[in-house]
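Everything on this sheet refers to the single structure shown next.
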Amino acid sequence: AVVGIALTVVLLAFAARRTHFLISLAGSGKPAYGRLKGVPKRVEAEAFEVLGQRKLLKWTIPGIAHVFSFWGFLVLGLTILECYGALFVEDYGVPIVGSWAVVGFAEDLFALLVLVGIIMFGLIRAKNDPSKDGRSSRFFGSHTKGAWLILFMIFNVVWTLFLYRGAQAALGNLPFENGAFVSDWVGSWMSGLSESTLVAVETIGIWLQILVILSFLLIVLNSKHLHIGAAPVNVYTSRRPNALGPLLPIYYKGEPVNFEDPPDDASFGKGHIADFTWKNYVDFMACTECGRCQSQCPAWNTGKPLSPKLMIMNLRDTMFTQAPYLMAANGGHPGLGEMHEEALASVSAEVRGEVERFRFRQHCSAGRECEVGFHGWYFRGVLAGLAVLPLFGRKNALAVVVGGFFGPIRGKASNAIPAIRGILSVPASHLATVTRWTPSAFATDCCVPRDFRADLARAGVMRGPCSQSLRLRF
């Protein structure tokens, strides 16, 4: 018991320190308005998207693997309680349900399903190996070594669990009389060992289980798998009821900016990592680098340097690099090229250099396909064509419609029509208000033909290069 408690105290101290840092960093962002309103809809989203894994199951095979892993760890939470209880009581069971056969069966079943899940994940990663497939792999640019480390740690959680439970079964200390079929099977293999040996195996197995679980927690808190904790917050605070509706207004001093008569000192868009809101910071932490958005991005699939995944990863890395400044400024960064002088003076020279050099440079076509996948592309293309017809004539409108139809064919037709991908990417809801757009509300540049770009500029839709007109919206 002493060894187990000592391991817990030391490792949890590191975990608590990291958790405090992450919460403080997330809280240092600019205000995000309306992200906590409509509680019933948000609770429903947690039920369907987090517990039900609805969005992940849109990609069937990876979704099933994730369901196995996610629900496996929820159920295996009971085994953590049993593990710590066994430090003090040899046949400890969770109160009330601790001796139910169905609980023992569920724990062993989901432990097996977790193993199946990590095997599926391993095969998916081997099939989509970026070192072999290059940028056609959705894992291109992701931290693949970290992903393999996580799979290895999950495997360690499972085998150490069955190691000490098998010894408990052989000793007769398992809290379940029946039901824990894998633990009983492992125990049958240990039945020839002496009692003292079984006690030693059980004790070492419990220590290893605690060490692996807490080490796994530390790895999660210091890696991209931080999404395990950040994703539920990301879902709860997402846009409701329609996350893919019209873009939200820009706020200035708590009020939406009126672009007919904007304040002279209002800041439009994002020019520095400190301009982002706390919700944006949570979004960055929630990215798991799966590359689904990258695989659907029109710019990426037509050979452009933009990847929504890599953009979020870069923003996340910048956020962590400049964390001392962000937390010192605590949302007080003035923007418009200026810095929070007191916060800047409080950080190291290395951090100060990072803070002062950061600039955005992206090639986003505002397609939002990274959000919706290819569902609804044709319908959106038709609407886009109808919307631009009065402004730009039949030729360009027809190109939008045709592009909207062929857009989902990644790497084939999409590469043959790169010139129209940018404009076909514009959501119809944006095109409906095309004559009211402001320079900061729309960015294309990378995919729009030069002559069409000139038409857009004359219509007041786009002025200047993408780096000037880009507006990151979350």
Side-chain angles (χ1 to χ4, degrees), residues 1 4-5 7-8 47 50-53 56-57 63-122 151-217 228:
I5 296 300
L7 286 172
T8 302
V50 178
L51 296 179
Q53 304 278 282
L56 288 167
L57 286 170
I64 291 173
H66 200 278
V67 167
F68 286 168
S69 300
F70 175 80
W71 274 98
F73 273 91
L74 288 184
V75 173
L76 293 181
L78 291 174
T79 67
I80 297 176
L81 298 177
E82 294 168 356
C83 180
Y84 275 99
L87 290 173
F88 305 96
V89 180
E90 61 183 15
D91 59 348
Y92 177 82
V94 177
I96 302 175
V97 301
S99 59
W100 293 2
V102 67
V103 172
F105 176 80
E107 289 175 348
D108 282 19
L109 173 63
F110 276 96
L112 282 183
L113 291 179
V114 168
L115 286 179
V116 173
I118 63 174
I119 290 171
M120 294 172 68
F121 280 134
L151 294 181
F152 175 67
M153 291 302 295
I154 295 174
F155 170 71
N156 288 335
V157 169
V158 175
W159 78 258
T160 56
L161 171 68
F162 285 134
L163 175 65
Y164 87 81
R165 282 168 67 101
Q168 284 183 329
L171 285 167
N173 293 336
L174 202 63
F176 317 102
E177 292 185 5
N178 52 63
F181 61 102
V182 180
S183 300
D184 289 335
W185 178 75
V186 175
S188 68
W189 282 80
M190 298 182 180
S191 58
L193 300 177
S194 65
E195 182 177 351
S196 60
T197 302
L198 288 173
V199 170
V201 171
E202 179 189 9
T203 302
I204 293 172
I206 291 174
W207 291 345
L208 288 175
Q209 173 80 164
I210 292 173
L211 178 62
V212 168
I213 288 173
L214 295 178
S215 299
F216 182 58
L217 174 61
I228 293 174

Quick one: do Val116 and Met120 satisfy side chain to side chain contact (heavy atoms under 4.5 Å, CB included)? Show the steps, please.
CA-CA 6 Å; Val116 173; Met120 294 172 68; 4.0 Å; yes
Under the side chain to side chain contact (heavy atoms under 4.5 Å, CB included) rule, what do Ile154 and Phe216 come out as? Steps first, then yes or no, please.
CA-CA 8 Å; Ile154 295 174; Phe216 182 58; 4.0 Å; yes
Begin from the C-alpha positions of Met153 and Ile118 and carry the test side chain to side chain contact (heavy atoms under 4.5 Å, CB included) through to its verdict.
CA-CA 10 Å; Met153 291 302 295; Ile118 63 174; over 6 Å; no
Decide side chain to side chain contact (heavy atoms under 4.5 Å, CB included) for Phe162 and Asp108; before the verdict, give the C-alpha distance in whole Å, the side-chain angles of both, and the deciding distance to 0.1 Å.
CA-CA 8 Å; Phe162 285 134; Asp108 282 19; 3.8 Å; yes
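Residues Leu56 and Val67 fail the side-chain proximity criterion, which asks for heavy atoms closer than 4.5 Å. Two residues are said to be in side-chain contact when any heavy atoms from C-beta on lie closer than 4.5 Å; Trp159 and Leu115 fail this criterion. In this structure, the side chains of Phe181 and Leu112 come closer than 4.5 Å at one or more pairs of heavy atoms.
No option in Val212, Leu211, Leu217, Ile213 other than Leu211 meets the side-chain contact (heavy atoms from CB on, under 4.5 Å) test with Ser215. Partner Ile204 forms a side-chain contact (heavy atoms from CB on, under 4.5 Å) with one of Val201, Ile206, Leu208 and no other, that one being Leu208.
Ring orientation note: the planes of His66 and Phe121 are nearly perpendicular, at an angle over 60° on the 30°/60° scale.
Panel note: side chain Gln209, backbone Val157; a donor-acceptor pair is recorded below 3.5 Å. Between the side chain of Trp71 and the main chain of Leu51, a donor-acceptor pair closer than 3.5 Å is present.
The nearest pair of heavy atoms linking Leu214 to Thr8 is CD1-CA, 3.4 Å. Scanning all heavy atoms of the two residues, the minimum distance from Gly93 to Pro175 falls at CA-CB, 4.0 Å. Residues Ala101 and Asn178 come closest through the heavy atom pair CB-OD1, 3.1 Å. Scanning all heavy atoms of the two residues, the minimum distance from Gln168 to Glu90 falls at NE2-O, 3.9 Å. Scanning both residues, Phe68 and Val114, for their nearest heavy atoms gives O-CG2, 3.7 Å. Taking every heavy atom of both residues into account, Leu7 and Trp207 meet most closely at CD1-O, 4.1 Å.
Between Thr79 atom OG1 and Tyr164 atom OH the span is 5.5 Å, to the nearest 0.5 Å. How far CG of Leu174 is from CG of Asp91: 9.5 Å, rounded to the nearest 0.5 Å. Annotation: the span from Asn156 atom CG to Leu151 atom CG amounts to 11.0 Å, rounded to 0.5 Å. Atom-to-atom distance recorded for Glu107:CD and Arg165:CZ is 4.5 Å, nearest 0.5 angstrom.
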